[in-house]
Student: 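Here you go, one structure.
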Amino acid sequence: MKQWPLSNLWKKLPEQVRRLSILGIILVAFFLMIRSLLIPSDFGKFGHYRASAVEEIASLPMQYAGQMACVECHEETVTLKGKGYHKNVACEICHGPAAAHTRDPGSVKLTAPRGRGYCPICHEYLPSRPTGFPQIVSNSHNPMKPCISCHNPHDPKPPQTPKECSACHGEIAKTKSLSHHVYIPCTRCHNVPKGHKISPRKFLPTKPSTREFCGGCHAKGAAGEKGIPQVDLATHGKRYVCWQCHYPHLPEAH
Ligand code: HEC
Ligand code: HEC
Ligand code: HEC
Ligand code: HEC
Ligand code: HEC
Ligand code: HEC
Ligand code: HEC
Ligand code: HEC
C-alpha cells in the first residue's frame with residue numbers, strides 16, 4: 001500500500017499534538033469560510049474600505065449649511081457675532097444642523113439653547129482646559145439666572161468690568177487667602193496693566209522673575225516687618241528660582 005509521505009511523521013507525533021493540529025486546521029478553515037461569506041466583494045478595491053461606501057455617504061442628504069448661508073437672512077447676527085468672542089464658534093454648533101431651515105425657514109424652525117445647562121459644555125471650569133480659556137464654576141457663577149440674561153450669546157462680553165482679581169482668578173485668590181501670603185496684595189508681586197481686566201489676554205501682567213524679588217522681604221537683613229522668616233539668599237536653594245520649591249500663592253516651608 002502506498003504511504004502518504006508524511007504519514008510516518010504524523011504517526012510519530014504524540015496523540016495530544018495530533019488532536020491540537022486537527023483543531024487548528026478546523027479553526028483556520030472556519031475562519032476562511034466566515035471571511036469569504038461576510039466581507040463584501042468590493043472591499044479593498046481602493047484601500048482598506050468598501051468601495052461603494054464612498055457613493056453611499058456622498059448620497060446622504062446634507063444636514064449642515066455653513067455660516068455663509070445665514071448671511072442672506074440674518075445679516076445682523078452674523079456681523080455682530082463676527083466681531084465678538086464667539087467669532088470662531090459656528091452658528092450651527094448652538095442651533096443645530098440648519099440646511100433644511102435655510103431652504104424653507106417658514107416650516108423648519110431651529111431651536112436656541114436658552115437654558116443654563118448648555119453654555120457650561122464649553123465654559124465649565126476643567127483643569128485640563130487651557131488656562132487662558134474663559135471658564136466659570138456654574139454652581140457659584142450667578143446661579144439660577146439663565147446665562148443669556150447677562151451675556152448676549154452672539155456677543156458674550158461680560159456685562160461689566162470686574163473689579164477684583166478673584167472674579168477671574170478665583171482658584172488662586174482662594175488658595176492665597178489661606179496662605180502665609182494672605183495679606184500681600186496681588187499687585188505687590190504682579191504689575192497689572194489697565195487693559196488686563198477688559199482684554200486679559202492682550203494686556204498681560206508681569207510675574208516676578210528673580211530670586212532677589214522674594215529676597216526683598218525674605219533675605220537675611222532685609223528691612224521689613226518683624227516676623228517675616230528670612231533665609232540666606234547666597235546658599236538657600238541656590239541655582240533655582242524660589243517658586244520651583246515654594247508655590248508663591250501658598251508658600252509652605254514646614
Ligand atoms: C432664507 C432665509 C433664511 C436663511 C438662509 C436662514 N434663516 Fe434662520 N430664520 C429665517 C426666518 C424667516 C426666521 C423666523 C422664523 C419664524 O419665527 O417663523 C428664522 C429664524 C431663525 C432662528 C430663530 C429660532 C428661535 O428660537 O427664535 C434661528 C436660531 C435661525 N433662524 C438660525 C439660522 C441659521 C443658523 C442659519 C444659517 C445656517 C439660518 N437661520 C438661515 C430665515 C432664514
Ligand atoms: C453660543 C451659541 C450661539 C451661537 C454660536 C449662535 N447663536 Fe443664535 N442664539 C443663541 C441663543 C442662546 C439664542 C436665544 C437668545 C434669546 O432668546 O435671547 C439665539 C437666538 C438666535 C436667533 C433668534 C433671534 C434673536 O436674535 O434672538 C437667531 C435668528 C439666531 N440666534 C441666529 C444665529 C446665527 C445666524 C448665528 C451665526 C452667525 C448664531 N445664531 C450663532 C445661541 C447661539
Ligand atoms: C462650542 C463652545 C462654546 C459654547 C457652546 C459657548 N461658548 Fe462662549 N466662548 C467660546 C470661545 C471659543 C470663546 C472665546 C475664547 C477666547 O477668546 O479665547 C468664548 C468666549 C465667551 C465669553 C467671553 C469671556 C471673556 O473672555 O470675557 C463669554 C462671556 C461666553 N463665551 C459666554 C457664553 C455663553 C453665555 C454661552 C451659551 C449661550 C456660550 N459662551 C457658549 C466657546 C463656546
Ligand atoms: C447675573 C449676570 C450673569 C449671569 C446670569 C451669568 N454671568 Fe457670566 N459673567 C457675569 C459678569 C459680571 C462677569 C465678569 C466677571 C465677574 O464679575 O464675575 C461674567 C464673566 C463670565 C465669563 C468670563 C470668565 C473669565 O474668566 O474670563 C464667562 C465664560 C461667563 N461669565 C459665562 C457664563 C455662563 C456660561 C453663564 C451661565 C451658566 C453665566 N456666565 C451667567 C455675569 C453673569
Ligand atoms: C476679566 C478677567 C480677569 C481679571 C479681572 C484679571 N485677570 Fe489676570 N488673567 C486673565 C486671563 C484670562 C489670563 C490668562 C492669559 C493666558 O493664560 O493666556 C490672566 C493672566 C494673568 C497672569 C499671568 C500672566 C502670564 O504671563 O502668565 C497674571 C499674573 C494675572 N493674570 C494677574 C492678575 C491680577 C493680579 C489681577 C487683579 C489685579 C487680574 N489678573 C485680574 C483674566 C483676568
Ligand atoms: C508673593 C508674590 C505673589 C503674590 C502675592 C501673588 N502672586 Fe501670582 N505669581 C507669583 C509668582 C512668583 C508667579 C510665577 C510662578 C511661576 O512662574 O511658576 C505667579 C504666577 C501667577 C499667575 C500665572 C499662573 C500660575 O498659577 O502660575 C497668575 C494668574 C497669578 N500669579 C495671579 C495672581 C493673583 C490673582 C494674585 C492675588 C490673588 C497673585 N497672583 C498673588 C507671585 C505672586
Ligand atoms: C511683601 C513681603 C513679601 C514678599 C515680596 C514675599 N513674601 Fe513670603 N512671606 C511674607 C510674609 C509676611 C510671610 C508670613 C510670615 C508669617 O508666618 O506670618 C511669608 C512667608 C513665606 C514663607 C514661609 C511659609 C512658612 O510655612 O513658614 C515662604 C516659604 C515664603 N514666604 C516664600 C516667598 C516666595 C517664594 C516669595 C517670592 C515669590 C515671597 N515669599 C515673597 C512676606 C513676603
Ligand atoms: C531647592 C528648593 C528651594 C528653593 C529654590 C528655595 N527654597 Fe526656601 N525652603 C526650602 C525648604 C526645603 C525649606 C524648609 C527647610 C528649611 O528651613 O531650610 C525652605 C524654607 C524657606 C523659608 C522659611 C524659613 C524659616 O526659617 O521658616 C523661607 C522664608 C524661604 N524658604 C524662602 C525662600 C526664598 C525667598 C527663596 C528664593 C530666594 C527660596 N526659599 C528658595 C526649599 C527651597
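In listed order, ligands and their atoms are each counted from 1.
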Student: Say whether Arg116, considering both its backbone and side-chain N or O atoms, lies within less than 3.5 Å of an N or O atom on ligand 4.
Tutor: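 It does not: no N or O of Arg116 is found under 3.5 Å from an N or O of ligand 4.
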Student: Does an N or O anywhere in Glu92 fall below 3.5 Å from an N or O of ligand 1?
Tutor: no
Student: Which ligand 1 atoms are under 4.0 Å away from a heavy-atom of Ala69?
Tutor: 5 (C)
Student: At less than 2.8 Å, would any N/O/S atom of Cys147, backbone or side chain, sit next to atom 8 (Fe) of ligand 4?
Tutor: no
Student: State the atoms of ligand 4, each with its element, that fall below the 4.0 Å cut-off from a heavy-atom position in Cys150.
Tutor: 1 (C), 2 (C), 3 (C), 4 (C), 5 (C), 42 (C), 43 (C)
Student: Which ligand 1 atoms does Cys91 reach within 4.0 Å, using its non-hydrogen atoms?
Tutor: 35 (C)
Student: Judged on heavy-atom distance to atom 13 (C) of ligand 4, which of Cys122, Ser149, Gly117, Pro158 sits nearest?
Tutor: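 Nearest option to atom 13 (C) of ligand 4, by heavy atoms: Pro158.
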Student: So, regarding Gln230 and ligand 8 (criterion: nitrogen or oxygen to nitrogen or oxygen, under 3.5 Å), is there a contact or not?
Tutor: no
Student: Protein heavy atoms near atom 22 (C) of ligand 1, is at least one of them under 4.0 angstrom away?
Tutor: no
Student: Using heavy atoms and a 4.0 Å limit, tell me yes or no: is Pro146 in contact with ligand 4?
Tutor: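 Checking ligand 4 against Pro146, which is what was asked, there is a heavy-atom contact under 4.0 Å.
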Student: With heavy atoms of Gln160 as the reference, note each atom of ligand 4 found under 4.0 Å away.
Tutor: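 Taking each heavy atom of Gln160 in turn, ligand 4 has 12 (C) under 4.0 Å.
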Student: Near atom 8 (Fe) of ligand 1, is there an N/O/S atom from Cys70 that is less than 2.8 Å away?
Tutor: no
Student: Which atoms from ligand 1 have a heavy atom of His95 less than 4.0 Å away?
Tutor: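 Per the distance check, 29 (C).
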Student: For atom 20 (C) of ligand 4, what is the closest protein heavy atom, and at what distance to 0.1 Å?
Tutor: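 Minimum-distance protein heavy atom for atom 20 (C) of ligand 4 reads His141 CE1, 3.6 Å.
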Student: Select the closest option to atom 3 (C) of ligand 8 among Cys214, Ala234, Cys245, Gly237, judged by heavy-atom distance.
Tutor: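 That would be Cys245.
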Student: Which atoms of ligand 4 have any heavy atom of Cys119 under 4.0 Å away?
Tutor: 35 (C)
Student: Is it the side chain, the backbone, both or neither of Gln244 that has a heavy atom closer than 4.0 Å to ligand 8?
Tutor: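 Gln244 to ligand 8: no contact under 4.0 Å from either part.
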Student: Are there protein heavy-atom neighbours of atom 16 (C) of ligand 1 below 4.0 Å?
Tutor: yes
Student: Taking 4.0 Å as the limit for heavy-atom contacts, which would you say applies to Leu233 with ligand 8: side chain only, backbone only, both, or neither?
Tutor: side chain
Student: With nothing but distance in play, are any N or O atoms of Lys145 less than 3.5 Å from an N or O of ligand 4?
Tutor: no
Student: Has Gln67 got any heavy atom lying under 4.0 angstrom from an atom of ligand 1?
Tutor: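 Gln67 does not count as a contact of ligand 1 under the 4.0 Å cut-off.
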Student: Do any N/O atoms on Ser138 end up under 3.5 angstrom from N/O atoms on ligand 4?
Tutor: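 So ligand 4 has no N or O lying under 3.5 Å from an N or O of Ser138.
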Student: Please find out if atom 8 (Fe) of ligand 1 and some N, O or S atom of His101 are separated by less than 2.8 Å.
Tutor: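 So His101 does bind atom 8 (Fe) of ligand 1 by this criterion.
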Student: Between atom CG of Asn152 and atom SG of Cys150, what is the distance when rounded to the nearest 0.5 Å?
Tutor: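 Between Asn152 CG and Cys150 SG, I get 11.5 Å after rounding to 0.5 Å.
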Student: Report yes or no: does Cys242 have an N/O/S atom closer than 2.8 Å to atom 8 (Fe) of ligand 8?
Tutor: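 Not a single backbone or side-chain N, O or S atom of Cys242 is under 2.8 Å from atom 8 (Fe) of ligand 8.
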Student: How does Met68 reach ligand 1, by side chain, by backbone, by both or by neither, if only non-hydrogen atoms under 4.0 Å count?
Tutor: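 Neither part.
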Student: Output yes if His151 passes the N/O/S-under-2.8 Å test against atom 8 (Fe) of ligand 4; output no otherwise.
Tutor: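 Yes, within the cut-off.
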Student: Suppose I only count heavy atoms of Ala98 and a 4.0 Å limit; which atoms of ligand 1 are within that range?
Tutor: 38 (C)
